[in-house]
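Working notes, beginning with the structure itself.
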Amino acid sequence: MKLGWTLYGDGSAPPPGESVAPGERLSWGRTVGLGAQHVVAMFGATFVFPVLMGLDPNLAIMMSGLATMLFLLITAGRVPSYLGSSASFVGAAAVIAGAGGGPAVLTGAVCVAGIVLALSGFVVHLLGPRVITAAFPPAVTGAVVLLIGFNLAPVVAENYWPFDQWTGLAVMVFVILATVLLKGFLGRIAILLGLVFGFALSLAADALLGPAVGPDGAAAPRVDLSAVQEAPWVGLPGFHAPQFEASAILVVLPAVIALIAENAGHVKAVQEMTGDDLDPYMGRAIAADGIATTLSGAVGGAPTTTYAENIGVMAATRVYSTAAYWVAAAVAVLVGLCPKFGALVAATPAGVLGGVTVVLYGMIGLLGAKIWVENRVDFGDPVVLVPLAAGLVAGIGGVGLHIGEGFSIEGIALGTIITLAGYHTLARLSRRARGADPVPGAAPPTEGPAD
């Protein structure tokens, strides 16, 4: 790809109703600010998921930056997305650890899953976008995007908000007001401003009100900088070679289903926001994530996926410039080599993250509803309504399907399977009954490829 961007206007923020395209950029100062916002948006999840999987978080941060660069190159800069640590492997990691497998066994399985994902992307690319669009018509893509966003709701409710609800509420109100009332560039970085506001508010609350009482009844300061003081300024992350075991690979492979759904849903979400036809780049995006996951696992890192959090930032700012993602990726690589800075960002209070994510995650989910509305999906048709309803409740509610001992499919993966299998099974039966009638939930022929 050509590593160059056209300056948008005079480099200032776009006026209401307009947006900055992937091949455009704001002034470099504003681009760096947006890149920083993308770093903050992805950092919490990219840092936490490796910890839950028993992997080095600093290595995950560094590899996420390299993975994003690789993704932007493979997709020719047409799909602005950030690749962070995937949550789809956390359950499999717990199963592998429970069976006595260490980090090397997990990352070996991650490598194989990445290869399978990459091959899936190559197939999509070779056979054309119809392979994906046939599997993901507007009714299904809207459900997948909505599921990806709203599936994150329990993260807010359980991991962030309960630790300091009043700070979370204040930050949420600040972000909402800043997004609407602040003009120009300040309005476009409302998320970053909300984090700074929340950090300052938490420090003041600690000084004036004392420690916060968490949901477990234990009192703790809102801002804990002890890890920052102890962390070195420069240090290499913990690399290790993968180890391959068939049993671990079988446990991890179902996560590929979730990654295909996530990538397809995210590409669809970006397409809806930018107005560009990204179907020809669907295979590239899936293959790029697979290659990135393989490379990350090969050095002991976490699996990657396109991040809903950063899509939420784009939805809030209407700046889709890939220049901001290159900045974010470069910062992530440097952060991976600086444990002290990583500890500082990780010290962001849970209540602050709760206030920010309650807005971001909701915006992501509503992009799915937007796909439905714009494609006039008919929910009066039970072929559309019933499987989507079942899939959304199962996925958002975290319903699990346990198959044998130590194997289960749940959350986004199960919700996606129910939606896809239910919709296509009923659509096939419906087509037989209706003859040549169009597939329920598909876009009208006059609209072109709206899948």
Original post:
Nearest 0.5 Å, what's the OG1-CG distance between T68 and L72?
Top reply: 6.5 Å
Original post:
Just wondering, do D378 and V384 contact through their side chains at under 4.5 Å, heavy atoms?
Top reply: no
Subject >> Donor-acceptor pair, side chain of D276 and main chain of Q271, under 3.5 angstrom >> reply: no
**OP:** Looking only at non-hydrogen atoms, find the nearest pair between D279 and D277 and report the distance.
**Re:** N-OD1, 3.3 Å
**OP:** State, with a plain yes or no, whether a side-chain heavy atom of W5 is found less than 4.5 Å away from one of T31.
**Re:** no
**OP:** Quick one: do T306 and F71 satisfy side chain to side chain contact (heavy atoms under 4.5 Å, CB included)? Show the steps, please.
**Re:** CA-CA 9 Å; T306 48; F71 182 91; 3.9 Å; yes
Subject >> Any residue meeting side-chain contact (heavy atoms from CB on, under 4.5 Å) with I74, in chain and number order, not counting sequence neighbours >> reply: L70, R284, A288, I291
**OP:** Please check if the side chain of E245 supplies one atom and the backbone of V105 the other of a donor-acceptor pair under 3.5 Å.
**Re:** no
Original post:
Under the side chain to side chain contact (heavy atoms under 4.5 Å, CB included) criterion, do V171 and V358 qualify, and how do the steps go?
Top reply: CA-CA 10 Å; V171 172; V358 76; over 6 Å; no
**OP:** List in chain and number order the residues that pass side-chain contact (heavy atoms from CB on, under 4.5 Å) with T107, two or more places apart in sequence or in another chain; answer none if no residue qualifies.
**Re:** L55, H240, P242
**OP:** Please report the shortest heavy-atom distance between P50 and A60, naming the atom on each side.
**Re:** CG-CB, 3.2 Å
Original post:
Which heavy atom of A241 sits nearest a heavy atom of A104, and at what distance?
Top reply: O-CB, 3.5 Å
Original post:
Any side-chain heavy atom of T293 sitting closer than 4.5 Å to one from D289?
Top reply: yes
Original post:
With Y325, which residues qualify under ring-ring contact (aromatic ring centres under 6.0 Å, His included), at least two apart?
Top reply: H38
Subject >> Nearest heavy-atom neighbours spanning A67 and T304 >> reply: CB-CG2, 4.1 Å
Subject >> Close side-chain approach of V393 to V399, heavy-atom, < 4.5 Å >> reply: no
Original post:
When rounded to the nearest 0.5 angstrom, what distance separates CH2 in W161 from CG in L169?
Top reply: 5.0 Å
Original post:
For the residue pair P382 and L426, what are the closest heavy atoms and their distance?
Top reply: O-CD1, 4.5 Å
Original post:
So S86 and L259, side chain to side chain contact (heavy atoms under 4.5 Å, CB included) or not? Walk me through it.
Top reply: CA-CA 8 Å; S86 173; L259 291 185; 3.5 Å; yes
Subject >> Taking every non-hydrogen atom, the tightest pair across Y82 and A332 >> reply: OH-CB, 3.1 Å
Original post:
Short question: side chain of N375, backbone of V377 - any donor-acceptor pair under 3.5 Å?
Top reply: no
Original post:
Quick one: side-chain contact (heavy atoms from CB on, under 4.5 Å) partners of L385, sequence neighbours excluded?
Top reply: F379
Subject >> Side-chain heavy-atom pair L182, L193 within 4.5 angstrom cut-off >> reply: yes
**OP:** Please lay out, stage by stage, how F122 and L119 fare under the test side chain to side chain contact (heavy atoms under 4.5 Å, CB included).
**Re:** CA-CA 5 Å; F122 291 141; L119 292 175; 4.3 Å; yes
**OP:** Determine whether L7 and R25 make a side-chain contact, defined as any pair of heavy atoms from C-beta on separated by less than 4.5 Å.
**Re:** yes
Original post:
For the atom pair CG (D10) and OH (Y8), what is the distance rounded to the nearest 0.5 Å?
Top reply: 9.0 Å
**OP:** Evaluate the side-chain proximity of T274 to M314: yes if any heavy-atom separation is below 4.5 Å, no if none is.
**Re:** no
Original post:
Does Y281 have any ring-ring contact (aromatic ring centres under 6.0 Å, His included) partners at least two apart in sequence or in another chain, and if so, which?
Top reply: none
Original post:
Do any N or O atoms from the side chain of E18 and from the backbone of P15 form a donor-acceptor pair under 3.5 angstrom?
Top reply: no
**OP:** Kindly write out the residues that satisfy side-chain contact (heavy atoms from CB on, under 4.5 Å) with S27, not counting sequence neighbours, or none if the list is empty.
**Re:** R30
Original post:
What's the spacing between S64 OG and M69 CE if we round to 0.5 Å?
Top reply: 9.5 Å
**OP:** Answer yes or no: is there a side-chain heavy-atom contact under 4.5 Å between V359 and I176?
**Re:** yes
Original post:
For the side chain of T75 and the backbone of A285, is there at least one donor-acceptor N/O pair under 3.5 Å apart?
Top reply: no
Original post:
At what distance, to the nearest 0.5 angstrom, does OG1 of T305 lie from CG of N263?
Top reply: 5.0 Å
Original post:
How far does OG of S430 sit from CG of D381, to the nearest 0.5 angstrom?
Top reply: 6.0 Å
